[in-house]
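Notes follow the structure.
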Amino acid sequence: MNDIVRIEEVSKQFGGIRALNNVSLSVLKGEILGLIGPNGAGKTTLFNILTGLYTPNSGQLWLGERSMLNLKPHQILQLGIARTFQNIRVFPEMTALENVMVGRHARTRAGLLGAVFRNRRTRTEETQIRTRSGELLETVGIARHSHTLAKNLSYGDQRRLEIARALATEPQLLALDEPAAGMNPAERDTLSELIRTLREQFKLTLVVIEHDVKLMMNLCDRIAVLDFGEKIAEGAPAEIRANPRVIQAYLGTEA
Ligand code: ATP
């Protein structure tokens, strides 16, 4: 199978709450995989496990042939899995450009000593980081705000900035947690376009959590549905739309 990540029978419990129960899911290389489900279904918990923030109580997690089970978040980032957060996590007092440069530093060689003594290699690298970061802001459509403090950007632009910072780490898989939250309809339309463009331009695989089902049906190649910590369906958007269990669980019996 052409999978990049395999999640196998993963469970996660918080006290008495079973956030994930025996969930298996493969992410195929180059796809846009959607993760939907009602509030509290376990979507973000799955992202947190995928990116090393949480360790599952049981199950396995593979990146190709490599187990990711006991890796720390920074190790997973270095293996090429980057993410954005449901609650935006930009550095508010830094400019947009500086925010992206921070992400870029995850991929560079000059260490702390280099940063302190600023030798020639460090300076050259710094210039390259600045240039590349500027290009990434251009890619996500906010280059005009390069020198704006992150806290002064609109909500939608902060989400784009988070994407640029994640791209700066040169991921092979990018996980987006509710990228459209807080965006108006016009911004949502351009977001779908952006995500598709990123896939082509960076040869990315994407996993997206989003509550906007219409957006997800148009954007994703495949969709997995979680409900009360269980995966209740997985398939092409048309199959998901017609799945009675999804309709009942996700949209409610009324739908
Ligand atoms: P939403 O769409 O509302 O973001 P979600 O599908 O992402 O929901 P999760 O955030 O993964 O759901 O939460 C799944 C369940 O696990 C919920 O009942 C939540 O309260 C619980 N949970 C998640 N993280 C923690 C934690 N750190 N400590 C305790 N309970 C948690």
Side-chain angles (χ1 to χ4, degrees), residues 5-27 32-61 68-74 76 81-90 155-156 158-159 162-163 166 173-184 187-188 191-192 195 205-220 222-235 237 240-241 243 245-255:
V5 163
R6 250 174 23 255
I7 295 160
E8 285 176 357
E9 298 180 357
V10 159
S11 294
K12 180 70 185 173
Q13 225 157 306
F14 299 102
I17 297 170
R18 203 173 264 260
L20 288 175
N21 187 16
N22 230 12
V23 171
S24 297
L25 185 64
S26 288
V27 186
I32 302 176
L33 174 67
L35 210 50
I36 65 172
N39 289 327
K43 306 178 296 293
T44 296
T45 301
L46 197 62
F47 262 32
N48 288 341
I49 285 173
L50 180 67
T51 53
L53 288 174
Y54 293 164
T55 307
N57 295 101
S58 59
Q60 254 296 355
L61 204 62
M68 295 197 290
L69 208 50
N70 294 309
L71 298 183
K72 300 268 177 284
H74 72 273
I76 291 183
I81 298 182
R83 72 175 292 179
T84 63
F85 291 87
Q86 190 176 338
N87 306 313
I88 298 172
R89 293 194 190 177
V90 290
Y155 208 65
Q158 288 192 27
R159 291 217 174 268
E162 253 205 325
I163 293 175
L173 188 153
L174 178 59
L176 304 176
D177 196 347
E178 297 196 26
M183 287 187 171
N184 62 40
E187 284 177 321
R188 281 171 188 240
L191 178 74
S192 292
I195 292 173
T205 302
L206 289 119
V207 189
V208 184
I209 295 177
E210 192 35 74
H211 281 287
D212 185 336
V213 177
K214 190 161 159 250
L215 182 151
M216 292 293 263
M217 292 288 167
N218 289 324
L219 174 68
C220 299
R222 288 194 312 134
I223 292 179
V225 188
L226 291 180
D227 187 32
F228 289 112
E230 311 224 350
K231 187 181 78 178
I232 60 164
E234 181 183 353
I240 296 299
R241 199 186 279 123
N243 184 315
R245 200 162 166 208
V246 175
I247 294 169
Q248 185 173 1
Y250 190 71
L251 303 171
T253 40
E254 293 300 308

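Order of listing sets the numbers, starting from 1, for every ligand and every atom in it.
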How far is atom 23 (C) of ligand 1 from its nearest protein heavy atom, and which residue and atom is that? F14 CE1, 3.5 Å
With atoms numbered from 1 as shown, which atoms in ligand 1 lie under 4.0 angstrom from a non-hydrogen atom of Q86? 4 (O)
With rounding to the nearest 0.5 Å, note down the distance linking CD1 in I36 to CG in L215. 11.5 Å
For the backbone of E9 and the side chain of S24, can you confirm whether one donor and one acceptor N or O come within less than 3.5 Å of each other? yes
Short N or O distance, G40 and ligand 1, threshold 3.5 Å exclusive: yes
Is there a donor-acceptor pair closer than 3.5 Å between any side-chain N or O of R159 and the backbone N or O of A181? yes
shortest atom 9 (P) of ligand 1-to-protein heavy-atom contact is with T45 OG1, 3.6 Å
Among protein heavy atoms, which sits nearest to atom 6 (O) of ligand 1, and what does the distance come to when rounded to 0.1 Å? K43 NZ, 2.7 Å
When you compare the side chain of L71 with that of L61, does any pair of heavy atoms fall below 4.5 Å? no
For ligand 1, note which part of I17 has a heavy atom under 4.0 Å away: side chain, backbone, both or neither. side chain
Over 12 foreign heavy atoms within 6.0 Å of CD, Q60: yes
Between ligand 1 and F47, can you find any atom pair, the residue atom being a heavy atom, that is separated by under 4.0 Å? no
My understanding is that we take every heavy atom of each candidate and find the minimum distance to atom 10 (O) of ligand 1. Doing that for D177, L53, T44, which one comes out nearest? T44
Only heavy atoms of H211, strictly under 4.0 Å: list the atoms of ligand 1 that pass. 2 (O)
With the threshold set at under 4.0 angstrom, would you say K12 reaches ligand 1 through any of its heavy atoms? no
Strictly under 4.0 Å, does any heavy atom of G37 approach an atom of ligand 1? no
Do N48 and R83 come close enough that some side-chain heavy atom pair is under 4.5 Å? yes
Quick one, R222 with I240, criterion side chain to side chain contact (heavy atoms under 4.5 Å, CB included). Give me CA distance, side-chain angles, the key distance, then yes/no. CA-CA 9 Å; R222 288 194 312 134; I240 296 299; over 6 Å; no
Is it the side chain, the backbone, both or neither of Y54 that has a heavy atom closer than 4.0 Å to ligand 1? side chain
Ranked by distance from atom 12 (O) of ligand 1, the top protein heavy atom is G42 N, 3.2 Å
Could you tell me which atoms of ligand 1, counted from 1 in the order shown, lie closer than 4.0 angstrom to a heavy atom of A41? 5 (P), 6 (O), 12 (O)
Are there protein heavy-atom neighbours of atom 3 (O) of ligand 1 below 4.0 Å? yes
Is any side-chain heavy atom of V5 less than 4.5 Å from a side-chain heavy atom of I81? yes
Nearest protein heavy atom to atom 26 (C) of ligand 1: under 4.0 Å? yes
Between R89 and E162, is there a salt bridge with N-O shorter than 4.0 Å? no
F228, CZ atom: more than 12 neighbouring heavy atoms under 6.0 Å: no
Check: K43 side chain, P38 main-chain N or O, donor-acceptor pair, under 3.5 Å: yes
What residue and atom, counting heavy atoms only, is the protein's closest point to atom 16 (O) of ligand 1, and at what distance? A19 CB, 3.3 Å
